[in-house]
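Following: one structure in structure tokens, then a few remarks.
In the text below, chain A, chain B and the rest are named by the order of the sequence lines, each starting its count at 1.
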2 protein chains.
Amino acid sequence: MGPMDTPRLDAIDRRILRALHHNARLTNAELAEQVGLSPSPCWTRVKRLEQAGLIQGYVAILDQAQLGLPDTVIIEVMMERHDEESLKRFEAAVTEMPEVIEAWLVTGEYDYVIKAAVGGTAGYERLLREKLYRLPGVRHTRTSFTLRCLKQSWTPSP
Amino acid sequence: MGPMDTPRLDAIDRRILRALHHNARLTNAELAEQVGLSPSPCWTRVKRLEQAGLIQGYVAILDQAQLGLPDTVIIEVMMERHDEESLKRFEAAVTEMPEVIEAWLVTGEYDYVIKAAVGGTAGYERLLREKLYRLPGVRHTRTSFTLRCLKQSWTPSP
DNA sequence: GATGAAAACTTTATAAG
DNA sequence: CTTATAAAGTTTTCATC
């Protein structure tokens with residue numbers, strides 16, 4: 001089930017990836033038709049792509065506004081101390097927060113970039129004051145509120 | 001098919017969302033078992049959640065390294081001019097770039113935040129010099145290379 | 001909400017061209 | 001690769017408790 005050595009991708013593989021990236025619930029028959037193959041080789045290719053780890057999984061995309069968290073914020077975090085201990089604790093805590101959608105260790109002026117879903121400025125303030133700033137080692141943060149999403153993909157276009 | 005008025009979510013709805021957020025290819029029978037319902041009411045709820053727009057879609061998650069774009073960068077962009085015309089052209093161009101995974105209009109010092117997948121520093125330089133800086137109206141950018149992903153979700157945890 | 005049943009379709013495997 | 005076959009499982013609808 002883990003990643004194996006990278007297979008070369010031909011045009012049909014790319015069409016399969018694009019189709020499933022767009023709709024993960026296509027049936028094999030529908031997919032085969034879309035990519036111009038008969039069902040049986042199509043099925044073989046999908047299994048090969050899954051086993052090669054190229055397809056990592058299938059997820060449902062939910063509406064975060066209807067889940068009560070309509071606003072997306074991007075928070076950059078600068079740490080005071082950079083010892084293993086502080087960073088590990090910070091990372092573990094951030095990973096556990098349900099409003100955190102994405103978190104990266106990055107190069108540059110700041111140490112981490114976090115994308116979170118919150119309910120307005122009140123929800124943001126709560127996240128910042130009650131959660132992030134209570135974690136030891138946080139020196140400074142800098143936040144951008146998102147106003148509009150221009151593009152949201154879940155992987156680069158195949 | 002579009003979003004309707006928000007239904008209240010009970011505990012079972014949340015379990016359905018969590019399960020499908022984790023694996024969008026569960027069969028209705030498997031899902032029903034996981035959430036403690038028999039298949040037919042489970043199926044009715046899923047359809048209701050889809051029609052309410054709470055489930056926006058189902059996507060396959062692909063391995064960007066195997067697609068030839070192993071590195072993720074976060075690029076903040078400051079514009080020179082903020083007239084409708086310049087912004088529209090910029091947004092249209094960014095949206096079309098296959099390496100751009102996500103792009104937001106934001107508040108704060110910069111105007112846009114873009115997440116892109118590139119092949120190393122060479123791929124990044126190409127994106128910046130051959131694509132982003134050729135767009136009219138771009139004054140300045142500031143990039144963080146990501147070193148490690150701590151968390152990657154596709155919506156906040158239900 | 002649960003259950004059960006039936007028809008249409010899907011998955012998965014295999015065989016043969 | 002294609003077409004064809006077949007068994008097992010799944011979806012979807014509908015009737016009934």
**OP:** Output the residues of residues 10-24 of chain A in contact with DNA chain D, where contact means a heavy atom of the residue under 4.0 Å from an atom of the strand; sort by number or write none.
**Re:** none
**OP:** Applying side-chain contact (heavy atoms from CB on, under 4.5 Å), name anything that partners A:P98, two or more places apart in sequence or on another chain.
**Re:** A:K131, B:S157
**OP:** Evaluate the ring planes of B:Y112 and B:F90, with Trp represented by its six-membered ring, and classify them as parallel (under 30°), tilted (30 to 60°) or perpendicular (over 60°).
**Re:** tilted
Original post:
Stepwise, does the side-chain contact (heavy atoms from CB on, under 4.5 Å) test hold for A:V94 with A:L132?
Top reply: CA-CA 8 Å; A:V94 162; A:L132 282 177; 4.1 Å; yes
Subject >> side chain to side chain donor-acceptor pair (under 3.5 Å) involving A:R134 - partner list, sequence neighbours excluded >> reply: none
**OP:** Under the side chain to side chain donor-acceptor pair (under 3.5 Å) rule, collect the residues that match up with B:Q56, sequence neighbours excluded.
**Re:** none
Original post:
Where do B:L49 and B:L9 land on the side-chain contact (heavy atoms from CB on, under 4.5 Å) test, with the steps shown first?
Top reply: CA-CA 9 Å; B:L49 293 168; B:L9 298 175; 3.8 Å; yes
Original post:
Which nucleotide sits closest to the side chain of A:S38: D:dC1, C:dG1, D:dT3?
Top reply: D:dT3
Original post:
Are B:I55 and A:I101 in one and the same hydrophobic cluster, where Ile, Leu, Val, Met, Phe, Trp and Tyr link if side-chain heavy atoms are under 4.5 Å apart?
Top reply: no
Original post:
Which residues satisfy the side chain to side chain donor-acceptor pair (under 3.5 Å) test with B:E125, sequence neighbours excluded?
Top reply: B:R129
Nucleotide N/O to protein N/O under 3.5 Å, stretch nucleotides 11-14 of chain C:
unit_1: C:dT11; atom_1: OP2; unit_2: A:N28; atom_2: N; d: 2.8
unit_1: C:dT12; atom_1: OP2; unit_2: A:W43; atom_2: NE1; d: 3.0

